[in-house]
Amino acid sequence: MEVVELHNRSVEGFVRLVAVVGDEQWSAVTPCADWDVRALVNHVVGEERWTAPLMAGQTIADVGSTLDGDLLGSDPAAAASEAGRAAQAAAALPATAVHLSYGDEDPAEYLRQLIADHLIHTWDLAAAIGADRSLDPDLIGPVADWFADRAELYRSMGMVSAPIAGFTAPGDVLLGTFGRDPRWTP
């Protein structure tokens, strides 16, 4: 699968799960200790909302603070769906560079970052709301391969926790690599 197709698939999985979050679940705890369900979904929707301007060549300074704060409003599922569609459309743009906080990045690399973010946070959301935690099997290998050379960098920047070992199923191994315990419960 090509990177745009993998990206779009990861977005679809997240959006599909947001649609089943119950009204009483938005304040539920997640494996991300600092975020409840609403904050987790807001984070991913924010990533999706950033995709269009960044893939169109804008800089972080160009976007400014327009994507700060609550992006979910009174209908988080609709906000996630709309942001997901916009991110999917933007992923196909013929960009030459994406201007990120650390410098210019190859668009395909940026999309791989987003795929990983979507896949892991989809699991976080599923775990928080008691949904099926299975990772998309078509995304596990590509994300694991991509993250293998980046794990220490992400850990050194505080973006992921220390790895958790002792798992054999590919999805659980990947979660452990991202510092997630596949046995986590609220």
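Counting from 1, the numbers follow the sequence of the chain as shown. Only a predicted model underlies this, so the values are computations on that prediction, with no experimental measurement involved. Just so it is clear, the values below take in all heavy atoms, side chains as well, and ignore hydrogens, waters and symmetry mates.
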message: Test of understanding: with side chain to side chain contact (heavy atoms under 4.5 Å, CB included), list the residues that count as partners of Ala131, not counting sequence neighbours.
response: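 So Ala131 forms a side chain to side chain contact (heavy atoms under 4.5 Å, CB included) with Leu17, Ala126, Ile129.
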message = If the condition is side chain to side chain contact (heavy atoms under 4.5 Å, CB included), which residues does Ser81 pass it with, not counting sequence neighbours?
response =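 By the side chain to side chain contact (heavy atoms under 4.5 Å, CB included) rule, Ser81 matches Val15, Arg85.
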Please list, one pair per line, the donor and acceptor atoms closer than 3.5 Å that link side chains of residues 112-123 to other protein atoms, with sequence neighbours excluded.
| unit_1 | atom_1 | unit_2 | atom_2 | d |
| --- | --- | --- | --- | --- |
| Arg112 | NH1 | Ala108 | O | 3.3 |
| Gln113 | NE2 | Tyr102 | OH | 2.9 |
| Asp117 | OD1 | His121 | NE2 | 3.1 |
| Asp117 | OD2 | His43 | NE2 | 3.3 |
| His118 | ND1 | Leu114 | O | 2.8 |
| His118 | NE2 | Glu48 | OE2 | 2.8 |
| His121 | ND1 | Asp124 | OD2 | 2.8 |
| Thr122 | OG1 | His118 | O | 2.6 |

Considering all heavy atoms of both residues, which atom of [X] and which atom of [Y] are nearest to each other, and what is their separation?
X	Y	answer
Ala95	Pro107	O-CG, 3.4 Å
Trp35	Leu40	CE3-CD1, 3.7 Å
Ala128	Ala28	O-CB, 4.2 Å
Ala91	His7	CB-ND1, 3.5 Å

Filter on side chain to side chain donor-acceptor pair (under 3.5 Å), then keep only pairs touching [range], sequence neighbours left out; what's left?
range	answer
residues 11-29	Glu12-Gln88
residues 63-78	Arg38-Asp70
residues 162-177	none

Check: With a cut-off of 6.0 Å (strictly less than), are more than 12 heavy atoms of other residues, nucleotides or ligands near CD of Glu82?
Finding: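 At most 12 heavy atoms, drawn from other residues, nucleotides or ligands, come within 6.0 Å of this atom.
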Quiz prompt | Ring-ring centroid check Phe178 Trp184, cutoff 6.0 Å | solution =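 No.
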query: If two hydrophobic side chains count as joined below 4.5 Å and joins carry through other members, does Val98 share a cluster with Leu153?
result: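 Result: yes, single cluster for both.
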Does Val143 belong to the same Ile/Leu/Val/Met/Phe/Trp/Tyr cluster as Val160, with side-chain heavy atoms less than 4.5 Å apart forming each link?
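Yes: a chain of side-chain contacts under 4.5 Å links Val143 to Val160.
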